[in-house]
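Quick note: numbers below take in every heavy atom, side chains included, and nothing from hydrogens, waters or symmetry partners. Per chain, numbering begins at 1; letters A, B, ... match sequence-line order.
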Protein chains: 2
Amino acid sequence: MDDLTEMLKGTLEGCVLEIIGREETYGYVITRQLNELGFADVIEGTVYTILLRLERNGLVQVTKRPSGMGPPRKFYSLNAAGRAELGKFWAKWEYLSSRIDKLKEGGR
Amino acid sequence: MDDLTEMLKGTLEGCVLEIIGREETYGYVITRQLNELGFADVIEGTVYTILLRLERNGLVQVTKRPSGMGPPRKFYSLNAAGRAELGKFWAKWEYLSSRIDKLKEGGR
DNA sequence: TAGTGGTACTCGGTGATACGGAGTACTGAG
DNA sequence: CTCAGTACTCCGTATCACCGAGTACCACTA
């Protein structure tokens, strides 16, 4: 697949939010999940950038825990603001994708 | 609707390509069509930026024609490269939106 | 014990994009 | 003759995904 980076802008963060919303998890695993979900070219650095932004914007709760395999992990879970943001994200996605699909079907 | 600007990145250009692909048209009208299609906050300056970029990238053919109502208009139509780019855009959109929808439905 | 590979995070810089505002210019109506 | 509507250009800004280098911890192995 061609380069998707421009198209991912604004949506990748929402995807990360969704993944975190399912269960408490951390950056390395989120990256792997995104790759398996078809976002094959998303790299770790990108995910960590998003995670740091979510933290800075107060959308997540962060807990550092030691790991048996490597350095300590930063576990993320959504707080109330994060859940609200996730809801807004899906509303926006719903709105946008319906408009684009209509355009695609020849809507004018 | 909330601010869509980040989500539009990478997709708005494709929408403009699609509109131009239907019939030869110009910036002012394209903006109006986008607004009617639900991209309500898209402003003229943005569309003209995209148009200039399409021209610079050799995806469109441009014809300047005088107008009875105001300054001359720059009419745009797709050339072969533009049609190819449009095809790639829809392929990318198809790919991305199917992944996101799967994620939304609880896919893992 | 030195090296390698996998796990895990941080930080600074880059490029692409949509947006905003100011400016130019032409036309017709009041 | 001013004003609103049409129509385009240019410059600057913010945001985002990406990239590379760096740090650090652990387990295995030669």
Check the pair A:R99, B:L37 against side-chain contact (heavy atoms from CB on, under 4.5 Å), reporting the backbone distance first and the verdict last. CA-CA 7 Å; A:R99 305 294 141 156; B:L37 280 162; 5.9 Å; no

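The side chain of B:R53 contributes no N or O atom lying less than 4.0 Å from OP1 or OP2 of C:dA16.
The side-chain hydrogen bond (donor to acceptor under 3.5 Å, both in side chains) check on A:R65 picks up A:E24, with sequence neighbours excluded. Remark: B:F75 pairs with B:Y26 by the ring pair (Phe, Tyr, Trp, His ring centres under 6.0 Å) rule, at least two apart or across chains. Under the side-chain hydrogen bond (donor to acceptor under 3.5 Å, both in side chains) criterion, B:E94 pairs with A:K104, not counting sequence neighbours. In this structure, the salt bridge (Lys or Arg N to Asp or Glu O under 4.0 Å) partners of A:K9, at least two apart in sequence or on a different chain, are A:E6.
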Show the distances under 3.5 angstrom between N or O atoms of the protein and N or O atoms of nucleotides 3-12 of chain D.
residue: D:dT6; atom: OP2; partner: B:Y28; partner atom: OH; Å: 2.5
residue: D:dT6; atom: O5'; partner: B:Y28; partner atom: OH; Å: 3.1
residue: D:dT6; atom: O3'; partner: B:M69; partner atom: O; Å: 3.2
residue: D:dA7; atom: OP1; partner: B:Y26; partner atom: OH; Å: 3.4
residue: D:dA7; atom: OP1; partner: B:R73; partner atom: NE; Å: 2.3
residue: D:dA7; atom: OP1; partner: B:R73; partner atom: NH2; Å: 2.3
residue: D:dA7; atom: OP2; partner: B:Y26; partner atom: OH; Å: 3.1
residue: D:dC8; atom: OP1; partner: B:K74; partner atom: N; Å: 2.7
residue: D:dC8; atom: OP2; partner: B:G27; partner atom: N; Å: 3.4
residue: D:dC8; atom: OP2; partner: B:Y28; partner atom: N; Å: 3.0
residue: D:dC8; atom: OP2; partner: B:Y48; partner atom: OH; Å: 2.7
residue: D:dT9; atom: OP1; partner: B:K74; partner atom: NZ; Å: 2.9

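Note that the CD atom of B:Q33 and the CD1 atom of B:I20 stand 10.5 Å from one another [nearest 0.5 Å].
B:Y76 places no side-chain N or O within 3.5 Å of a backbone atom of B:G21 that could act as its donor or acceptor partner.
Residues of residues 2-16 of chain A having a heavy atom closer than 4.0 Å to DNA chain D, listed by number: A:T5, A:L8, A:K9, A:G10, A:L12, A:E13.
Atom-to-atom, CD1 of B:I43 to C1' of C:dT17 comes out at 16 Å; the value is rounded to the nearest Å. We find that CG of B:D41 is positioned 17 Å from C1' of C:dT17, with the value rounded to whole Å. Per the geometry, CG belonging to B:L51 stands 15 Å off C1' belonging to C:dT17, to the nearest Å. Atom CG of B:L96 is separated from atom P of D:dC16 by 17 Å (rounded to the nearest Å).
Applying the side-chain contact (heavy atoms from CB on, under 4.5 Å) test between A:I50 and each of A:L52, A:V47, A:L54 identifies A:L54 as the sole match.
A:I50 comes within 4.0 angstrom of sugar-phosphate atoms only, judged by non-hydrogen atoms across all strands, and of no base.
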